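Okay, structure first, notes after.
Scope of the values below: all heavy atoms of this structure, side chains included, with no hydrogens, waters or symmetry mates. All residue numbers refer to positions in the sequence shown, counting from 1. As the structure is a prediction and not an experimental result, all values here were calculated from the model.
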Amino acid sequence: MRRAQVTRNTLETQISIDLNLDGTGKSVLETGVPFLDHMLDQIARHGMIDLEIAAKGDLHIDAHHTVEDIGITFGQAFTKTVGDKKGLRRYGHAYVPLDEALSRVVIDLSGRPGLVFNVDFVRARIGDFDVDLIREFFQGFTNHGLITLHIDNISGKNAHHQAETVFKAFGRALRMAIEHDSAASGIIPSTKGTL
């Protein structure tokens, strides 16, 4: 099984993650940020990965450090689980609708962190959650997961729907990228010979 456990302890956050890329879509999430738990559950369910996250952060200030550091720690766990990427598809993409909202996510397990994030949320908050933190989560994951990630919200008039389509599409695209490619078993999916 492609599984990793990672902990991150700073003066701002204490986070532990258990990630299984060959899971069944189960999640156990205790981040202290309910909306983030809901979104992380979408990644697990649609990515068919098992994800356990326990986080304590300086939420008395705001959720910024907690959300960003969860993205970082998740990315670190991801890097450990995919290893040298031999035999993986490498690329993944997904379009996901939810009522009026539609998002597209494209992933490359390139080994080079890069995020393009084109989401204009229709409002600044979803309940108590600051939508700016969604980009911070994906930036943390991208930097430490060593992936190239393009996220585009194509349409949407409801911020919750916009966010949910992004996270579901991310899960689906990730699932595709980490799948084993039977035609390329044991081969690193790059002409460079490394990723």
Side-chain angles (χ1 to χ4, degrees), residues 1-8 15-29 39-53 67-97 102-119 134-154 164-195:
M1 279 194 178
R2 296 176 292 172
R3 186 172 181 176
Q5 295 177 322
V6 173
T7 59
R8 176 181 170 87
I15 298 165
S16 65
I17 289 185
D18 187 332
L19 172 64
N20 178 2
L21 293 186
D22 300 308
T24 59
K26 295 180 200 169
S27 65
V28 178
L29 305 162
M39 294 299 103
L40 291 169
D41 185 47
Q42 302 306 322
I43 294 174
R45 187 76 47 92
H46 291 274
M48 292 303 290
I49 62 175
D50 291 344
L51 183 61
E52 292 185 27
I53 302 177
V67 174
E68 180 181 33
D69 286 4
I70 288 170
I72 289 169
T73 312
F74 188 9
Q76 291 170 337
F78 179 77
T79 297
K80 287 177 80 171
T81 58
V82 292
D84 63 10
K85 303 167 192 161
K86 281 184 182 176
L88 301 185
R89 293 198 181 279
R90 175 179 170 176
Y91 301 101
H93 63 275
Y95 285 82
V96 170
L102 174 65
S103 292
R104 172 184 59 220
V105 173
V106 182
I107 293 174
D108 177 6
L109 307 183
S110 62
R112 298 181 308 279
L115 174 65
V116 177
F117 188 84
N118 294 312
V119 183
I134 293 174
R135 187 184 195 289
E136 296 303 319
F137 167 81
F138 284 112
Q139 188 69 68
F141 183 91
T142 297
N143 289 347
H144 294 269
L146 303 177
I147 66 168
T148 300
L149 178 62
H150 287 253
I151 297 175
D152 297 284
N153 175 242
I154 296 165
E164 194 161 330
T165 58
V166 164
F167 280 86
K168 285 178 176 177
F170 175 74
R172 292 260 165 188
L174 191 67
R175 177 178 173 183
M176 181 185 292
I178 64 174
E179 282 179 343
H180 293 284
D181 184 348
S182 60
S185 180
I187 298 172
I188 292 175
S190 172
T191 55
K192 296 176 184 176
T194 186
L195 285 170

Reported [atom1]-to-[atom2] distance for the pair [X] and [Y], which is rounded to 0.5 angstrom:
| X | Y | atom1 | atom2 | answer |
| --- | --- | --- | --- | --- |
| I134 | Q139 | CD1 | CD | 14.0 Å |
| F117 | N153 | CZ | CG | 8.5 Å |
| R172 | H46 | CZ | NE2 | 6.0 Å |
| I53 | L40 | CD1 | CG | 4.5 Å |

Which atoms form the tightest heavy-atom contact between [X] and [Y], and what is the distance?
| X | Y | value |
| --- | --- | --- |
| A44 | S27 | CB-CB, 3.9 Å |
| L29 | L51 | CD2-O, 4.1 Å |
| A177 | I107 | CB-CG2, 4.2 Å |

Suppose we screen for side-chain contact (heavy atoms from CB on, under 4.5 Å). Which residues come up paired with [X], at least two apart in sequence or across chains?
| X | result |
| --- | --- |
| P113 | T142, N143, L146 |
| T24 | K26, D50 |
| D69 | R8, T10, T13, I15, I72 |
| R104 | Y95, V106, D152, I154 |

What pairs of donor and acceptor atoms, side-chain ones from residues 77-90 against any protein atom, are under 3.5 angstrom apart with sequence neighbours left out?
unit_1 : atom_1 : unit_2 : atom_2 : d
T79    : OG1    : G75    : O      : 3.1
T79    : OG1    : H144   : O      : 2.5
T81    : OG1    : A77    : O      : 3.4
T81    : OG1    : F78    : O      : 2.8
D84    : OD1    : K86    : N      : 3.0
K85    : NZ     : L109   : O      : 3.4
R89    : NE     : E179   : OE1    : 3.0
R90    : NE     : D108   : OD1    : 2.6
R90    : NH1    : P189   : O      : 2.8
R90    : NH2    : D108   : OD1    : 3.4
R90    : NH2    : D108   : OD2    : 3.2

(message) Show me the pairs that pass ring-ring contact (aromatic ring centres under 6.0 Å, His included) and involve residues 175-195, at least two apart or across chains.
(response) none
List the atom pairs, donor and acceptor, that lie under 3.5 Å between side-chain atoms in residues 16-23 and the rest of the protein, sequence neighbours left out.
unit_1 : atom_1 : unit_2 : atom_2 : d
D18    : OD1    : R3     : NE     : 2.9
D18    : OD1    : R3     : NH2    : 3.4
D18    : OD2    : R3     : NH2    : 2.7
D18    : OD2    : Q5     : NE2    : 2.9
N20    : OD1    : D22    : N      : 2.9
D22    : OD1    : R2     : NE     : 3.2
D22    : OD1    : R2     : NH2    : 2.8
D22    : OD2    : R2     : N      : 2.9
D22    : OD2    : R2     : NE     : 3.3

(request) Mind checking salt bridge (charged side-chain N to carboxylate O under 4.0 Å, His left out) for E136 and listing every partner two or more places apart, or none if nothing turns up? (result) none
(message) I'd like to check the side chain to side chain donor-acceptor pair (under 3.5 Å) partners of E68; sequence neighbours left out, ordered by chain and number.
(response)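 Testing E68 for side chain to side chain donor-acceptor pair (under 3.5 Å), a comparison that skips the adjacent residues, returns none.
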(message) According to side chain to side chain donor-acceptor pair (under 3.5 Å), who are the partners of T165, at least two apart in sequence or on a separate chain?
(response) S103
(message) Is the shortest side-chain heavy-atom distance between R135 and I151 below 4.5 Å?
(response)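 With C-beta onward as the side chain, the pair stays apart.
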(request) State which residues pass ring pair (Phe, Tyr, Trp, His ring centres under 6.0 Å) with F138; sequence neighbours excluded, sorted by chain then number. (result)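 So F138 forms a ring pair (Phe, Tyr, Trp, His ring centres under 6.0 Å) with F167, F170.
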